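Naming convention: chains lettered A, B, ... in sequence-line order (proteins, then strands); numbering from 1 in each chain. Only a predicted model underlies this, so the values are computations on that prediction, with no experimental measurement involved. All values below come from the heavy atoms of this structure, side chains included, with hydrogens, waters and symmetry mates left out.
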Protein chains: 2
Amino acid sequence: MKLSSRTEYAVRAMAELAEMHGGGPISLREIAARQDIPEKYLEQLFRQLRKAELISGLRGAQGGYSLAREPCEITVGDIMRAVDGPIAVCSCAAEGKGDADCERKSHCAAHPVWAKLQDGIVSILDSTTLYDMLAKTATQDMQGNRGGGS
Amino acid sequence: MKLSSRTEYAVRAMAELAEMHGGGPISLREIAARQDIPEKYLEQLFRQLRKAELISGLRGAQGGYSLAREPCEITVGDIMRAVDGPIAVCSCAAEGKGDADCERKSHCAAHPVWAKLQDGIVSILDSTTLYDMLAKTATQDMQGNRGGGS
DNA sequence: GCAATTCCTACTGAATCAGTATGAGTTCCA
DNA sequence: TGGAACTCATACTGATTCAGTAGGAATTGC
Ligand code: FES
Ligand code: FES
């Protein structure tokens with residue numbers, strides 16, 4: 001029940017890209033440096049993001065990457081699926097599997113729970129766009145919960 | 001973003017135990033057989049569930065396991081934490097970590113998303129009890145979606 | 001033409017995970 | 001009283017996945 005580093009990195013990098021949206025393309029190197037992500041690793045992720053048509057790359061000197069759509073049109077779920085494949089809480093409750101799931105499913109007490117969990121996760125991920133993310137970091141007061149309780 | 005087999009097995013086994021709740025203790029072997037889970041593996045999980053005081057074991061011949069509380073008092077979250085440790089969507093957003101998290105957190109655009117996700121997951125897991133699970137499998141009509149496509 | 005950059009494949013070392021093996025301690029029953 | 005049926009505990013292993021690296025080809029601006 002944990003996010004992969006691919007997802008964590010990819011989302012952070014995309015947020016960075018969204019923040020710069022509108023200007024020219026930004027080099028992978030710059031993003032990697034600003035977010036402290038291994039360059040070569042991020043390169044791999046960007047290739048997948050590009051294949052998913054979330055970003056577009058511009059080769060050559062002065063090249064770089066930029067968003068392929070508006071920030072409000074890219075969700076965290078999109079990013080996650082691009083780098084990690086379909087979202088699946090467990091093999092018995094994955095998205096995009098019409099019928100050929102677990103044979104046990106019909107009489108399994110656990111299945112409705114996994115389905116509900118899957119649904120909850122997907123709906124959060126799919127309803128949060130890059131735009132939302134930036135907006136939230138700007139109005140940072142709701143997160144300002146510091147001062148450890150004893 | 002996937003459940004461990006520990007969790008999947010443990011929840012299924014606990015559901016089995018809940019179904020039998022009220023009668024005498026049930027042997028691990030029987031549960032393992034009915035749910036098709038490797039015996040020795042399940043034994044390991046049961047030891048953890050016992051330490052977490054979710055079940056209690058009775059040794060010797062005719063011994064076995066039984067729930068240590070009522071089914072409505074045991075949540076899926078309890079089971080999960082018992083076998084897999086604290087629930088943490090990522091290291092930056094784990095439960096029970098007051099302050100010493102990621103240093104990046106305060107200006108990280110991704111963090112609110114992880115926090116929300118974490119929160120959503122935990123609230124589903126903590127609000128579903130074994131009792132709820134059994135009730136849902138009883139009224140199985142909402143799940144009765146069969147008949148292969150094409 | 002050369003420097004900066006994206007694009008692509010393959011590899012590796014480490015960590016985690018699922019599952020086994022083995023044996024000791026306990027209790028019921030014949 | 002002995003043994004069968006259990007739980008309890010620890011340690012090990014093999015497989016798989018994951019995070020990260022290496023090396024190089026193709027493209028473009030200056
Ligand atoms: S084991 Fe597959 S649905 Fe429960
Ligand atoms: S990287 Fe830790 S909160 Fe975003």
For B:Arg104, is the CZ atom crowded, meaning more than 12 foreign heavy atoms sit under 6.0 Å from it? yes
By the 4.0 Å heavy-atom rule, please label A:Tyr65 as base, sugar-phosphate, or nothing. sugar-phosphate
Without decimals, in angstroms, what is the distance between B:Glu30 CD and D:dC6 P? 9 Å
Taking the side chain of B:Ala61 as heavy atoms from C-beta outward, which of C:dG19, D:dG20, D:dA4 is closest to it? D:dA4
Taking the side chain from A:Arg81 and the backbone from A:Gly85, do they hold a donor-acceptor pair closer than 3.5 Å? no
Taking the side chain as every heavy atom from C-beta outward, state whether A:Leu125 and A:Thr75 have any atom pair closer than 4.5 Å. no
Flag the pair A:Arg34 / A:Met20 as yes when at least one side-chain heavy-atom distance between them is below 4.5 Å, and no otherwise. yes
Report the distance from atom CZ of A:Arg59 to atom C1' of D:dA25, rounded to the nearest whole Å. 9 Å
In whole Å, I'd like the distance from the CZ atom of A:Arg6 to the P atom of D:dC18. 8 Å
For atom NZ of A:Lys40 and atom P of C:dT12, their distance in whole Å: 17 Å
Take atom CD of A:Gln62 and atom C1' of D:dT27, then tell me their distance rounded to the nearest Å. 14 Å
Mapping B:Arg50 and A:Gly60 onto DNA chain D by nearest heavy atom, which one lands closer to the 5' end? B:Arg50
Does A:Ser5 place a side-chain N or O at less than 4.0 Å from the phosphate oxygens OP1/OP2 of D:dA19? yes
Measure CG/B:Leu58 against P/C:dC29 and give the value in whole Å, please. 11 Å
Rounding to an integer number of Å, can you tell me how far A:Arg29 CZ sits from C:dC7 P? 15 Å
Closest of C:dC8, C:dA18, C:dT5 to the A:Glu43 side chain is C:dC8
Whole-Å distance between C:dT16 P and B:Asp84 CG? 13 Å
Report yes or no: do A:Tyr9 and A:Ser4 form a side-chain donor-acceptor pair below 3.5 Å? no
Check whether any side-chain N or O of A:Arg47 sits under 4.0 Å from OP1 or OP2 of C:dT9, and answer yes or no. yes
